[in-house]
Amino acid sequence: MTILDTTPNFIFVGGAPRSGTTLLQNMLDSHPDITGGPEFLHLPDIIQVRKAMQHSLNNGWLDAYCTHAQADTHITQLINQFLFPISERKNTSFISEKTPANVTVFSDLVELYPKAFFIQILRDPRAVVASMLKVGRRGKKQGMQTQPFTQNIIDAVNYLRTCYAKGLAFQTGNGNKLLTLTYEALVTQPEDITRQICTFLDLPWDERMLRPDKHQHIGEKAITNEVWYNEKEYRRRPMDTEIEKWRGSLNVAQKAVLFYCFRKNPSMLKNGYRLDEEFNTQAVRQIFHTIGGILYIFLKIKRKISHRVLKRFMRRRF
């Protein structure tokens, strides 16, 4: 497959897993001038190679091979060789690469692709964690090993914090290159948000973005495995029915832990999430916050002890 003669530009989409990145990607892919493919997954891995090479170059170990600029040229050529051909499906001027972990390397990607567009999607952390844990349960039922953040609330919180912190750091310094959306707005105001996206990309709005369920998306095969998505979940239009589902999925202890962890999270506050609104009085908020803190510390210690016991068992056994 040949590389396009006209180089498409990139839209890098990122956010915590289960934040709505898949729905957003399908809406982007429904635009006639955007190709949104399956999750490539490995941009963060390639960026780690870049970081290692930068370290070696800074210490003078690779001078005989390349300069910093040459190394970055090789890295961008590698990414382009992987991603550009997918745009030939529709011969579009934009390629949307949607891997949730992209948000953790936005700051590196903008150095490689200064003309690229970046879209971050956020969602209520309680809904995100509830959905993460549901994936873990489905994976266990299917005999599939899923990521640690789907296995327990401590790993889920830690990874979510990382995603929020990385996104906020990029948002602070690259406001003109980044569009930050919320899942809640995307599903309750899809026309307004898709118009906002098109203005950001300098594209004409297209009503087909409102009905991603009416189009075939090449990302479907890779992700509809009955763990992350089934076909019905994947082929859906933006609807607000998922916004409050977390209430029935989390127990009181989990809700308290998440309230403690994200009540004052800078990214949440900056982007309009107010978990305090869940309670009527400051006294109730403080009690729930305190209980959440105690539970968080307990579960964190328990997680650490379990991890150490498992490591000792593995060493003795093997």
Side-chain angles (χ1 to χ4, degrees), residues 1-17 21-22 24-26 28-29 31 33-121 147 159 162-163 166-167 169-171 173-174 176-179 200-201 203 217-223 228:
M1 189 174 287
T2 58
I3 299 300
L4 293 172
D5 293 332
T6 303
T7 302
N9 199 359
F10 283 120
I11 304 165
F12 293 113
V13 175
T21 55
T22 297
L24 174 59
Q25 176 77 330
N26 288 347
L28 290 170
D29 186 49
H31 192 288
D33 208 28
I34 302 173
T35 296
E39 295 178 9
F40 178 64
L41 297 176
H42 297 292
L43 285 182
D45 300 322
I46 293 173
I47 293 301
Q48 289 308 310
V49 172
R50 177 183 184 247
K51 288 179 180 293
M53 293 190 71
Q54 287 178 327
H55 176 74
S56 297
L57 283 162
N58 290 338
N59 287 281
W61 299 334
L62 298 183
D63 290 354
Y65 293 98
C66 60
T67 63
H68 279 82
Q70 289 169 335
D72 276 355
T73 296
H74 293 319
I75 293 292
T76 55
Q77 286 174 343
L78 174 64
I79 295 172
N80 294 348
Q81 288 286 340
F82 279 119
L83 300 185
F84 278 177
I86 204 169
S87 187
E88 292 183 339
R89 179 176 74 104
K90 295 195 301 188
N91 191 26
T92 57
S93 56
F94 282 98
I95 297 172
S96 176
E97 202 309 288
K98 188 281 293 189
T99 298
N102 284 348
V103 72
T104 66
V105 293
F106 274 178
S107 297
D108 302 274
L109 288 169
V110 76
E111 294 178 3
L112 296 173
Y113 296 98
K115 294 183 179 180
F117 293 85
F118 298 81
I119 301 179
Q120 171 190 216
I121 185 164
Q147 289 90 336
Y159 189 67
T162 296
C163 292
K166 291 286 187 178
F170 188 77
Q171 185 179 3
N174 298 274
N176 62 324
K177 299 178 184 296
L178 174 72
L179 178 63
F200 175 64
L201 300 174
L203 286 175
H217 306 285
I218 54 177
E220 179 173 352
K221 179 181 177 181
I223 203 168
W228 288 97

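A pairwise comparison of heavy atoms in Pro100 and Thr21 identifies CG-OG1, 3.7 Å as the closest pair. Here the closest heavy-atom approach between residue Ser107 and residue Val110 is recorded as O-CG1, 3.3 Å. Cys66 and Ala71 make their closest contact through SG-CB, 3.9 Å (heavy atoms, listed as atom of the first residue, atom of the second, distance). Between Lys90 and His31 the shortest heavy-atom distance is NZ-O, 2.9 Å. Residue Ile218 comes nearest to Gly36 through the heavy atom pair CG1-O, 4.1 Å, listed as atom of the first residue, atom of the second, then distance. Across every non-hydrogen atom of Ile86 and Pro38, the tightest pair is CD1-CD, 3.6 Å.
Taking 4.5 Å as the limit, some side-chain heavy atom of Ile11 sits within range of a side-chain heavy atom of Val13. Looking only at side-chain heavy atoms (C-beta outward), Ile34 and Asp29 stay at 4.5 Å or farther from each other. Residues Leu78 and Ile46 form a side-chain contact, since some pair of their non-hydrogen atoms from C-beta on lies under 4.5 Å apart. Two residues are said to be in side-chain contact when any heavy atoms from C-beta on lie closer than 4.5 Å; Leu179 and Gln120 fail this criterion. Side-chain contact between Ile47 and Leu112 is present, with heavy atoms from C-beta onward closer than 4.5 Å. Between Ile75 and Ile79, the closest side-chain pair of non-hydrogen atoms falls below 4.5 Å. The closest side-chain heavy-atom distance from Thr35 to Phe94 is not below 4.5 Å. Within the 4.5 Å cutoff, no side-chain heavy atoms of Pro8 are placed close to those of Thr92.
Atom CG in Asn26 sits 8.5 Å away from atom CD in Glu220 (nearest 0.5 Å). One distance of note links NE2 of His55 with CH2 of Trp61; it measures 4.0 Å at 0.5 Å rounding. One distance of note links CG of Asp72 with CZ of Arg50; it measures 4.0 Å at 0.5 Å rounding. Within the model, atoms CG of Leu43 and CD of Gln48 stand 12.0 Å from one another, a figure rounded to the nearest 0.5 Å. Gln77 contributes atom CD, which lies 10.5 Å from atom CD of Gln70 (distance to the nearest 0.5 angstrom). Between the CD1 atom in Ile119 and the CG atom in Leu201 there is a gap of 5.5 Å [rounded to 0.5 Å].
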- Message: Determine whether Tyr113 and Asn80 satisfy the following criterion, side-chain hydrogen bond (donor to acceptor under 3.5 Å, both in side chains), listing intermediate values before the conclusion.
- Response: CA-CA 11 Å; Tyr113 296 98; Asn80 294 348; 2.7 Å; yes
- Evaluate side-chain hydrogen bond (donor to acceptor under 3.5 Å, both in side chains) for Thr99 paired with Glu97, printing each intermediate quantity in order. CA-CA 6 Å; Thr99 298; Glu97 202 309 288; 3.0 Å; yes
- Task: Check the pair Met53, Leu62 against side chain to side chain contact (heavy atoms under 4.5 Å, CB included), reporting the backbone distance first and the verdict last.
- Result: CA-CA 8 Å; Met53 293 190 71; Leu62 298 183; 4.1 Å; yes
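At distances below 3.5 Å, not a single donor-acceptor pair connects side-chain atoms of Ser87 with backbone N or O atoms of Phe84. Side chain of Thr67 to backbone of Asp63: no donor-acceptor contact under 3.5 angstrom is found. Judged by distance alone, with hydrogens and angles left aside, the side-chain atoms of Asn9 form no donor-acceptor pair with the main-chain N or O of Ile95 at under 3.5 Å.
No option in Phe118, Phe12, Phe10 other than Phe118 meets the ring-ring contact (aromatic ring centres under 6.0 Å, His included) test with Phe106.
Side-chain contact of Asp33 with Ser93: a donor-acceptor pair under 3.5 Å is present, judged by distance alone.
Every residue two or more places apart in sequence or in another chain that forms a ring pair (Phe, Tyr, Trp, His ring centres under 6.0 Å) with Phe200 is listed here: Phe117.
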